[in-house]
Amino acid sequence: MLLEHFVIWFIVYGSRDVLGLLTFSRNRKNDIKSNVKNDATESAIIKTKLDNIGQFVDSIRIDFKASDQRRTALSETVIRIDKANHLKY
C-alpha cells in the first residue's frame, strides 16, 4: 500500500516536473528564435537607414559639384566681362 502511494505520488509530481522542464525548454527556444528575428529586423532597419544616408550624401555631392561648376563658369564670365570693359577704356 505504501509503495503504491509512493508510485502514484512519483508519477503525479514527477510528471509535473518533467512537463515543467519541457515547457521551459520550449519557451526558451521560442524566446531565442524571437530574439534572432528581432535582431535580424533591427539589423535590416539599420542597413536601410545607412543606405538612405549614403544616397543622400551622394545626392549632396552631385548638387555640390554642379554648383561648383556653375560658380566656376560664372567666375570665368565675370573675368571676361571685366577684361572686355578694361579694354574699352
Side-chain angles (χ1 to χ4, degrees):
M1 178 91 163
L2 183 63
L3 183 61
E4 291 171 352
H5 287 290
F6 178 74
V7 170
I8 292 172
W9 178 83
F10 183 76
I11 290 172
V12 170
Y13 289 103
S15 62
R16 181 193 69 178
D17 292 340
V18 170
L19 183 62
L21 286 172
L22 291 174
T23 303
F24 173 77
S25 175
R26 189 193 68 187
N27 288 340
R28 181 177 159 93
K29 287 179 185 175
N30 288 342
D31 287 345
I32 290 171
K33 287 179 184 177
S34 177
N35 287 341
V36 168
K37 286 180 185 177
N38 288 341
D39 289 347
T41 301
E42 288 176 13
S43 214
I45 290 170
I46 290 170
K47 185 178 182 319
T48 302
K49 287 181 178 182
L50 288 175
D51 288 345
N52 288 341
I53 291 169
Q55 290 173 356
F56 288 134
V57 168
D58 290 342
S59 176
I60 291 170
R61 268 192 204 125
I62 291 168
D63 290 345
F64 183 75
K65 188 174 182 180
S67 291
D68 192 42
Q69 289 172 347
R70 285 192 302 268
R71 196 172 16 256
T72 301
L74 181 61
S75 294
E76 290 171 354
T77 303
V78 169
I79 290 170
R80 271 185 299 189
I81 292 172
D82 191 42
K83 284 183 181 178
N85 281 338
H86 283 299
L87 291 176
K88 286 184 182 178
Y89 298 109

Less than 3.5 Å apart, which donor and acceptor atoms pair up between the side chains of residues 62-69 and the rest of the protein, not counting sequence neighbours?
| unit_1 | atom_1 | unit_2 | atom_2 | d |
| --- | --- | --- | --- | --- |
| S67 | OG | D63 | O | 3.1 |
| S67 | OG | R70 | NH2 | 3.2 |

Query - Approximate separation, where rounding is to 0.5 Å, of R80 CZ and N85 CG - result: 13.0 Å

Report summary line: Rounded to the nearest 0.5 Å, the CD1 atom of I53 sits from the CD atom of Q55 at a distance of 10.5 Å

Query - Check: A73 main-chain N/O paired with T77 side-chain donor or acceptor under 3.5 Å - result: yes

Query - Listed partners of R61 passing salt bridge (Lys or Arg N to Asp or Glu O under 4.0 Å), at least two apart - result: D58

